[in-house]
Amino acid sequence: RLFDPAYCRNQLDAIFDNTPTKMNRETCGMWISPFDQIAKIQREKVLFVIHAWNVGLEIRREVLKLRNLREDVFIETR
């Protein structure tokens, strides 16, 4: 376990990553899913929180290739 879930105050619905060494690992009590699984999200509106600020634009472009819905919102952390 990378982090103790007790220290993770904000619960996310899912975590996605395209780094092979991170896939199917656990963090904050959640499993990291392969990035291409974003295409399978069935919700009408999704808030994507991008923590990798240095490649935020690239990540946003990749998400839009998989799921290009006008209602989705992106937030980048700094």
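What you see below is based on every heavy atom in this structure, not just the backbone, and it leaves out hydrogens, waters and symmetry mates. Positions are given from 1, in the same order as the sequence printed here.
Separation of atoms CD (Glu58) and CD1 (Ile50) is listed at 10.5 Å; rounding is to 0.5 Å. Arg61 contributes atom CZ, which lies 13.5 Å from atom CG of Asn68 (distance to the nearest 0.5 angstrom). Expressed to the nearest 0.5 Å, how far NZ of Lys22 lies from CD1 of Ile15 amounts to 10.5 Å. Interatomic distance, CG of Leu64 versus CG of Asp72, reported as 8.0 Å (0.5 Å rounding). The CG atom of Asn54 sits 10.0 Å away from the CD atom of Glu76 when rounded to the nearest 0.5 Å. The distance from atom CZ of Phe16 to atom CD1 of Ile59, rounded to the nearest 0.5 Å, is 13.0 Å.
At a threshold of 4.5 Å between non-hydrogen side-chain atoms, the residues Phe35 and Val63 count as touching.
Using a 4.5 Å cut-off between side-chain heavy atoms of Ile, Leu, Val, Met, Phe, Trp and Tyr, with links allowed through other members, Leu66 and Phe48 fall into the same hydrophobic cluster. Val55 and Val49 sit in two unconnected hydrophobic clusters of ILVMFWY residues. Membership requires side-chain heavy atoms under 4.5 Å apart, directly or through other members.
In plain terms, the two heavy atoms of Asn24 and Trp31 that are nearest each other are O-CZ3, 2.9 Å. Scanning both residues, Arg25 and Thr21, for their nearest heavy atoms gives CG-O, 3.5 Å.
Considering only residues two or more places apart in sequence or on other chains, Glu62 meets the salt bridge (charged side-chain N to carboxylate O under 4.0 Å, His left out) condition with Lys65.
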Run the side-chain donor-acceptor check on residues 38-46: report pairs under 3.5 Å with partners two or more places apart or on a different chain.
{"residue": "Gln42", "atom": "NE2", "partner": "Lys40", "partner atom": "O", "Å": "3.2"}
{"residue": "Arg43", "atom": "NH1", "partner": "Asp13", "partner atom": "OD2", "Å": "2.6"}

